Amino acid sequence: MTVIETPTRITTPSVVDGVGASATRPDGVPKVDGSFIYSSDEYHDGSLWGVTLRSPHPRARILAIDTSQAEGIDGVRCVLTHRDVPGSKTYGMKVYDEPVLAFDEVRYQGEPVAVVAASHPEIARRACELIVVDYEELVPNTDPEMSLTGRVDGLFGGGLARHVRIRHGDVGAARALADVVVEGRYEMGTQDPAFLGPESGLAVPLGDGGVELYVSCQNLHLDQQQVADCLGLPLDKVRLVLSGVGGAFGGKEDLNVHIHACMLALRTGRPVRMVYSREESFFGHVHRHPAIADIELGATRDGRLLFTKVRLVLDGGAYTSTSQVVIANGCYFAAGAYDVANVEIDGFATYTNNPPCGAMRGFGAVQSCYAIESAMDRLAAALEMHPLELRMRNAIGEGDMLPTGQPVDGPAPVQEILAYLRDLPLPAGVDHGTADMRARPGGVGNVTRGEGIRRGVGYALGMKAIGFSGGMDDTCTARVTVWIRDGEPVAEVYCAGPELGQGVVTLEAQIARTELGVRTVELRDKDTDIAESGASSASRQSWMTAGAVAGACGLVRDEILARGARALGRPAGELTLDGPEIRDPAGHPLVPVAEVLGPEAVSHAFTYRHRPTEPVDDERGQGNAHVAFAYAAHRAVVDVDVELGLVKVVEMATAQDVGKAMNPAGVEGQIEGGTVQGLGLAVMEELQITDGRVRNPSFTDYLIPTMLDVPPMPMKIFEFPHPDSPYGLNGVGEPPNLSSTPAILNALRDATGLELPRAPVRPSDLITEPPDGRAEPE
Amino acid sequence: MLRPSSWRGAMLLRSQYPDASPICGGTDLMVDINFGRARPATLLDLTSVEDIDSWELIDDGRTVRIGAGMSYTRIIDELSGLCPALAQAARTIGSPQIRNRGTVAGNLATASPAGDSHPVLLACWAQVEAESVRGLRLIDIDDFFVGPKRSALEPDELIRAVRVPAATGPQQFAKVGPRNAMVIATVSFALNLDTATPRVGTGIGSAGPTPLRARAAEQMLQDSLDDRWDAPGSVDEDVGRQFGALVAEAASPIDDVRGSAEYRRHALAVLGRRCLSWALQDLGEGEVAA
Ligand SMILES: Cc1cc2nc3c(=O)[nH]c(=O)nc-3n(C[C@H](O)[C@H](O)[C@H](O)COP(=O)(O)OP(=O)(O)OC[C@H]3O[C@@H](n4cnc5c(N)ncnc54)[C@H](O)[C@@H]3O)c2cc1C
């Protein structure tokens, strides 16, 4: 496969539903009318059901496992434990440390210990209950501060997964010059991705000893590698097909049912379905790392930041997953989107016996954005300066140096983003005497008619790298084929980049329409028969897929025009392709594509690469690690009932630079969704974990925002074209998730005058008044 | 699955299949089944039983008799005037889908301390019609909740209806949860100023092993109102504070994932005070409905 220049031009801008149009999603109607096939719907004649037995303990030694009773039940086809894992006993995205099925020890509550295949899921569940596991319970290590010592018995690395150091300038010298110094500690609880489509899939054994797996995931090829290693099979005997993904947010980057379903299918010779229940799902995927951040900021009297010092601890739980990369990303952006010359950042990722944490939308930068943006408001208060003014004075711009020593390139329109929020009128106050109760804190609960309500306004700014950082050579391949059907050219796009709901399949078709002028585009199933696309993560898939699909379209177009040139006896450079016709420079049709191609198809693959990056060094964390940067900011307006601690988020205004809105409706959806996920993290979403045990693994008690919690979201989408990317686009999915949470926290601080050192806030954190209402102003 | 079409048939099946689980809206039972907490071998489906999905006035129009199959949505639509606090509680329950299916009878049989109809039924001195092949009995709501998720229903009994006295004065229901809709109560409170008797009724949810009545608060308010039921404007603000404090004292909450005991007491004191102030205002304006 060839590598050519990045395509950035739009060939036929007039095309219907091409790049830049709010084209309808191909999966939209089926998802609404129920005909869409999610991975939990996958079915095959004669399939068995697989069920997982999980550890009830956060830490225990496994003394013995007796499966004989379970095997004796009618309808049970097999019961497998670690002894039955054919290949590598462990897997992982970065390090193979997570057992396929636990051996010797379990390290977190919910760790898989055995799997059962049976003719009915209920039989499999009952069989699981009859597996006798003899555990010797051990005291779990659950305090990340202890793990920092690196000397905790029973944890990998003694508890320390990675220490990232970033040193830039001279913090000591800058401190001596600072007029104002503020310090603070900011904590964040554990957020769950809470996708609605649970982990699920179907494994089908093949006659040649191989296996085919239909599954919902974020990276088919990385999954294929791990599955093959653990099954002890060569890669070409393990074929993965992307099934319908009901949301992921990072939580489906790690394997879930994959190896288990394949083991059961290969052992029984029958197709095997697995679907986690809602409760099991909370144990079946990684969470967002809980965080503790200590931040010290120093500034001059007039609000120029002189130094930033950060200590960030992210608890990764029992296994590595992506912890070392999450902490790195958290550290890269721990000083925020500000131009500050002197920076010291120490980031630690720990192991404990808490549930494993890994990728989740924002990838470490959510935690650090929350912390630095909270600290910026504290600094603004100390300087008696408007928080937006302080941000505008220090906002990073093109050419400024990041703490990692990389100069900011590409558009950095932070001033424009903040100015939008500054100039947008504030929403009107609510007359609580007459307003609908849904407009008040507490909503339909009918708890106030205006008593105790205070309004607050808060701002936050976020910045993050787009794409894989730190020297990863990261590719995406697409194949585009054009042939003639009923006299018209039809294009097929084939690319493995997973569709998680973000709309990458819509873009694939839009790009083919734009580049080839075709009306009909077919999208082939995503599987591992084509070369890799990398993960739908790091806000990178639209960028990478666009590069690959546009590149392949270009090769196809060139070949069609070359054939046309031959047929017409004119130089190819004079010809343009516009759907069914080849035209001359004046736009006159010369020959139908159907005539040029006849019964033949033209097919090309293209592999796209972004610009190279390099790792940062261990000592000072310096290096040009990033492909690109994206920026977003929020202004939150909240009403708080300070007697009951209940919140109504009144409005979330936001602005973001997206480079090019490839599909404006899709962009708006991402910004709204990211903002709401951040709102959840600000005021309700927390997996409550005590002594390594999850206390609320259900949607009854793990609360995510409902429609009535979602406020109006005025937004400004800036399109400053990115110089390095296809069509000038930039990543969109994660940035709105960064600044949403701290904007709300800052608004709550503004409303209550409280420090609020922890997110999400609970009602009891927000009470400023005694219950007898004596402090209530008339 | 047993699917009787008449109440008589339901009674017979109930006695023949004592292990069968009755199911009405299914919004509690199906959750238990999905989470593996209940695995009933047989279901007794009450949704096809005639004449239990509506309401009627009895006792010369003084009492509303609500059939076991009547959904929350219909309670909101049809009983906002006669049973304002019950309708308000119904508005806070679940989502539109849950309100279309869920019933007060199911709420009662589950007998969760967090059941949102319960504080209202306490505040209104409701009665539960429990019936078996042995006959019909009326259970006073004060005798109905006997422990956490335990009620006075006998194993062979079904709830046929709930009798709720029609409002004669202001009623309030307020519920606190960390989400603005579709949330299990962290704590809830109901208040009923019955001007006919006259007397004061209260109910507390999610703050003890069972739904509770705040007796001392009722008594205190009754004494304060005394002969001022017609001139509530003269009731001192201190009464509101005392009332809130007594409501909080009546609770015996615990710490759990939904909130701390301390927060629950605090919130009850606030809800008690606020509900009273709204009710007194309505009383002053001569309004019945909230
Ligand atoms: C998403 C969701 C949100 C919810 N939100 C709330 C909320 O905000 N507040 C709240 O209080 N509840 C809530 N619930 C719980 C539930 O909706 C209510 O308790 C509802 O009132 C149950 O009524 P049902 O008819 O659906 O009961 P079912 O599930 O049909 O039955 C519940 C129990 O009652 C028994 N039963 C049913 N009918 C009878 C009868 N006639 N006689 C004897 N026994 C009977 C059943 O055997 C079962 O044990 C929620 C549930 C869900 C799933």
Side-chain angles (χ1 to χ4, degrees), chain A residues 122 125-126 129 277-280 437-449 451-452 641 643-649 680 683-688 690 694-710 760-765 767 769-774 776, chain B residues 31 33-37 39 85 88-96 114 116 172-189 237-238 240-245 247-248 256-260 262-275 277-278 281 290:
Chain A
E122 187 58 24
R125 277 193 282 273
R126 286 180 195 199
E129 284 168 17
S277 70
R278 176 57 56 201
E279 183 179 8
E280 185 175 20
M437 64 170 99
R438 287 171 295 190
R440 304 174 192 149
V444 292
N446 182 41
V447 293
T448 176
R449 292 185 181 173
E451 296 94 330
D641 180 338
E643 290 179 357
L644 289 173
L646 301 180
V647 177
K648 170 75 187 173
V649 180
V683 298
M684 62 182 86
E685 289 192 40
E686 181 174 7
L687 212 57
Q688 299 185 40
T690 307
V694 180
R695 298 165 67 207
N696 55 339
S698 74
F699 280 161
T700 308
D701 286 313
Y702 183 86
L703 299 181
I704 55 179
T706 70
M707 281 305 280
L708 289 186
D709 301 283
V710 175
V761 292
R762 300 190 185 133
S764 53
D765 300 333
I767 292 172
E769 305 301 321
D772 61 10
R774 278 182 199 278
E776 199 175 295
Chain B
V31 175
I33 291 175
N34 282 335
F35 272 71
R37 290 188 295 244
R39 281 179 179 159
Q88 174 51 31
R91 279 186 204 105
T92 74
I93 290 179
S95 57
D116 284 323
Q172 288 294 336
F173 173 79
K175 161 175 160 182
V176 168
R179 181 160 73 181
N180 287 333
M182 195 151 96
V183 68
I184 307 278
T186 304
V187 85
S188 65
F189 179 67
E237 256 185 49
D238 264 346
R241 297 197 178 103
Q242 273 182 48
F243 181 75
V247 169
D256 65 16
V257 287
R258 293 172 196 155
S260 66
E262 190 191 347
Y263 174 75
R264 288 183 155 108
R265 275 207 196 84
H266 173 99
L268 276 174
V270 175
L271 292 186
R273 178 169 51 82
R274 287 186 184 174
C275 283
S277 81
W278 305 334
Q281 196 181 336

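Labels below follow one simple rule: chain letters A, B, ... track the order of the sequence lines, proteins then strands, and each chain is numbered from 1. Owing to the predicted nature of the structure, the values given are computational and were not obtained by experimental measurement.
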Open item on the list: Which atoms of A/Pro441 are under 4.5 Å from chain B, going by heavy atoms: the side chain, the backbone, both sets, or neither?
Closed with: backbone

Task: Flag, side chain of A/Lys648 to backbone of A/Arg438, donor-acceptor distance under 3.5 Å - done: yes

Open item on the list: I need the residue from B/Phe189, B/Phe35, B/Phe173, B/Tyr263 with the largest number of non-hydrogen atom pairs under 4.5 Å to chain A.
Closed with: B/Tyr263

- [ ] Sort A/Met437 into side chain, backbone, both or neither according to what part of it lies under 4.5 angstrom from a heavy atom of chain B.
- [x] side chain

Open item on the list: On a heavy-atom basis, which atom in B/Ile184 and which in B/Ala114 lie closest, and how many Å separate them?
Closed with: CG2-CB, 3.7 Å

Open item on the list: For A/Leu644, which atoms come within 4.5 Å of any heavy atom of chain B: side chain, backbone, both, or neither?
Closed with: both

Open item on the list: At a 4.5 Å cut-off on heavy atoms, which part of A/Glu122 comes close to chain B: side chain, backbone, both, or neither?
Closed with: side chain

Open item on the list: For the interface with chain A, which of B/Ala269, B/Pro178, B/Gly240, B/Ala89 has the highest count of heavy-atom pairs at distances below 4.5 Å?
Closed with: B/Pro178

Open item on the list: Using only atom types and a distance under 3.5 Å, with no angle test, would you say the side chain of B/Arg179 pairs donor to acceptor with the backbone of B/Ala181?
Closed with: yes

Open item on the list: Counting only non-hydrogen atoms closer than 4.5 Å, does B/Asp256 touch chain A with its backbone (N, CA, C, O), its side chain (CB onward), both, or neither?
Closed with: backbone

TODO: Kindly say whether A/Val647 contributes a backbone atom to a donor-acceptor pair with the side chain of B/Asn180 at under 3.5 angstrom?
DONE: yes

- [ ] Could you grab the distance from atom CD of A/Gln688 to atom CG of A/Asn696, nearest 0.5 Å is fine?
- [x] 5.0 Å

Task: Pairs touching residues 698-707 of chain A that satisfy side-chain hydrogen bond (donor to acceptor under 3.5 Å, both in side chains), sequence neighbours left out - done: A/Glu685-A/Tyr702, A/Asp701-B/Arg258, A/Thr706-A/Asp709

TODO: Would you check if the side chain of B/His266 reaches a backbone N or O of A/Glu643 as a donor-acceptor pair within less than 3.5 Å?
DONE: yes

Open item on the list: Donor-acceptor pair, distance only, cut-off 3.5 Å: does the side chain of A/Arg278 make one with the backbone of A/Phe699?
Closed with: no

Open item on the list: Please classify the contact of A/Ile767 with chain B as side chain, backbone, both or neither, using a heavy-atom distance under 4.5 Å.
Closed with: side chain

Open item on the list: Counting only non-hydrogen atoms closer than 4.5 Å, does B/Val183 touch chain A with its backbone (N, CA, C, O), its side chain (CB onward), both, or neither?
Closed with: side chain

Open item on the list: Quick check against the 3.5 Å criterion: does B/Arg241 have a side-chain atom that pairs as donor or acceptor with the backbone of B/Arg273?
Closed with: no

Task: Per-residue contact mode, B/Ala267 against chain A (heavy atom under 4.5 angstrom) - done: both

TODO: Measure B/Arg39 against the heavy atoms of chain A and call it side chain, backbone, both or neither at under 4.5 Å.
DONE: side chain

Task: Atom group of B/Ser277 that falls short of 4.5 Å from chain A, counting heavy atoms - done: side chain

- [ ] Check whether A/Thr690 gets within reach of chain B through its side chain, its backbone, both or neither, counting any heavy atom under 4.5 Å.
- [x] neither

TODO: Could you have a look at B/Val257, B/Val270, B/Leu268 and say which one has the most heavy-atom pairs with chain A under 4.5 angstrom?
DONE: B/Val257

Task: Choice from B/Asn34, B/Val31, B/Val176 maximising heavy atom contacts with chain A below 4.5 Å - done: B/Val176

Task: Whether over 12 other heavy atoms sit under 6.0 Å from A/Glu129 CD - done: yes

Open item on the list: What part of A/Arg695 gets within 4.5 angstrom of chain B, counting heavy atoms only: side chain, backbone, both, or neither?
Closed with: both

